[in-house]
Colleague: 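Quick one: the structure is below, and I'll ask about it shortly.
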Amino acid sequence: MELLGEIAADRPLLVLAVKEEAQFLDTELPVLLTGMGKVNAATALATVLGRGPRPSGIVNLGTAGALRPGLTGTHVVGTVVQHDFDGRLLAMLTGESYGAPLTLPDGGDTVLATGDTFISDEAARARLAERAALVDMEGYALAHVAATAGVPLRLVKHVSDEAGEGAARTWRDSVAGCARVLADWARANIPYRP
């Protein structure tokens, strides 16, 4: 976890998993690098929100794998689900619901599946494509923490790979280009000056 800059109540916090995704950001806004995965994302965001002050909002910028052929570009996520969490089984065991899909009020129609597994095989990709268009490793955790803290969140994902065979190699090769696109999106859609 690394926080660059200071959080203030009158401006948003940019949240990214790794420095490779943030390398072209040119901003006076605070940037939180969480590390990869749901635990790192949740821990980092909860820590900075718990310390206060809270930002006016949170914008998660990051890469995602496409679960459907031909899906490219930048997407503002409308719904996020966990793909590696069996909430139905836990509900049967405990009688309580955990891990329900989260709807983001400023999002679009895109559904994002989050899990701690990097999807790099065709069978997993096909299974997840029935529920979502994109896959990442942090979105649901960030959405859960933001909702619990009462801070508005936007999830903005740029497609880096096709979440199948060769996805890891493709991500490494495409992350710099994705970082440029995400920085351009942030410049056009988030006020950079206080």
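Here the structure is a predicted model, which is why all the values come from computation and not from measurement.
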Colleague: Looking only at heavy atoms, which two atoms of Phe24 and Ala183 are closest? And how far apart?
Modeller: O-CB, 3.4 Å
Colleague: Taking distance alone, no hydrogens or angles, what donor-acceptor pairs closer than 3.5 Å link side-chain atoms of residues 69-79 to residues at least two apart or in another chain?
Modeller:
| from | atom 1 | to | atom 2 | distance (Å) |
| --- | --- | --- | --- | --- |
| Thr74 | OG1 | His158 | ND1 | 2.7 |
| His75 | NE2 | Thr72 | O | 2.8 |

Colleague: Just verifying a value: how many Å separate Arg125 CZ and Ile119 CD1, rounded to the nearest 0.5 Å?
Modeller: 11.0 Å
Colleague: I want to check something: taking the side chain as every heavy atom from C-beta on, are Val80 and Pro101 in contact at a cut-off of under 4.5 Å?
Modeller: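 Sidechains of Pro101 and Val80: no contact.
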Colleague: Is there side-chain contact between Leu134 and Thr110, with at least one heavy-atom pair below 4.5 Å?
Modeller: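 In short, these two side chains touch, coming nearer than 4.5 Å.
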Colleague: Can you tell if the side chain of Lys38 reaches within under 4.5 Å of the side chain of Thr114, non-hydrogen atoms only?
Modeller: yes
Colleague: Main chain of Ala149, side chain of Arg54: is a donor-acceptor contact present, judged purely on distance under 3.5 Å?
Modeller: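 Yes: the side chain of Arg54 pairs with the backbone of Ala149.
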Colleague: Measure the CG-CG distance between Leu142 and Leu102 for me, rounded to the nearest 0.5 Å.
Modeller: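 With rounding to 0.5 Å, CG (Leu142) is 11.0 Å from CG (Leu102).
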Colleague: If I take atom OG from residue Ser56 and atom CD1 from residue Ile7, how far apart are they, to the nearest 0.5 angstrom?
Modeller: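 So the OG of Ser56 and the CD1 of Ile7 are separated by 10.5 Å.
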Colleague: Nearest 0.5 Å please: distance from the CZ atom of Arg187 over to the CG atom of Leu182.
Modeller: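 Here the interatomic distance stands at 11.5 Å.
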Colleague: Do Leu153 and Val151 come close enough that some side-chain heavy atom pair is under 4.5 Å?
Modeller: no
Colleague: Keeping Thr27 on the side-chain end and Leu29 on the backbone end, is there a donor-acceptor pair under 3.5 Å?
Modeller: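 Here the side-chain-to-backbone pair exists.
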Colleague: Can you see which heavy atom on Ile58 is nearest to which on Pro55, and at what distance?
Modeller: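 So the two residues come closest at CG1-CG, 4.1 Å.
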Colleague: In the structure I gave you, are the side-chain heavy atoms of Leu25 and Val31 within less than 4.5 Å of one another anywhere?
Modeller: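 In short, these two side chains touch, coming nearer than 4.5 Å.
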Colleague: Please enumerate all residues that pass side-chain contact (heavy atoms from CB on, under 4.5 Å) together with Asp106, with sequence neighbours excluded.
Modeller: Arg154
Colleague: Do Leu4 and Pro30 have side chains that get closer than 4.5 Å, going by heavy atoms?
Modeller: no
Colleague: With a 4.5 Å heavy-atom cut-off, do Val15 and Thr34 have their side chains touching?
Modeller: yes
Colleague: Check side-chain contact (heavy atoms from CB on, under 4.5 Å) between Ala8 and all other residues, then give those that pass, not counting sequence neighbours.
Modeller: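 Expected list: Asp10, Arg11.
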Colleague: Show me the pairs that pass salt bridge (Lys or Arg N to Asp or Glu O under 4.0 Å) and involve residues 130-143, at least two apart or across chains.
Modeller: Asp136-Lys157
Colleague: Could you work out, with side-chain contact (heavy atoms from CB on, under 4.5 Å) as the rule, every residue matching Arg68, not counting sequence neighbours?
Modeller: Ala129, Ala133
Colleague: Tell me, please, which residues at least two apart from Thr63 pass side chain to side chain donor-acceptor pair (under 3.5 Å).
Modeller: Glu21, Trp171
Colleague: Enumerate donor-acceptor pairs with a distance under 3.5 Å from any side-chain N or O in residues 40-49 to protein atoms, sequence neighbours excluded.
Modeller:
| from | atom 1 | to | atom 2 | distance (Å) |
| --- | --- | --- | --- | --- |
| Asn40 | ND2 | Met36 | O | 2.7 |
| Thr43 | OG1 | Val39 | O | 2.8 |
| Thr47 | OG1 | Thr43 | O | 2.7 |

Colleague: Would you indicate whether the side-chain heavy atoms of His83 and Val135 approach each other to under 4.5 Å?
Modeller: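 A side-chain contact under 4.5 Å exists here.
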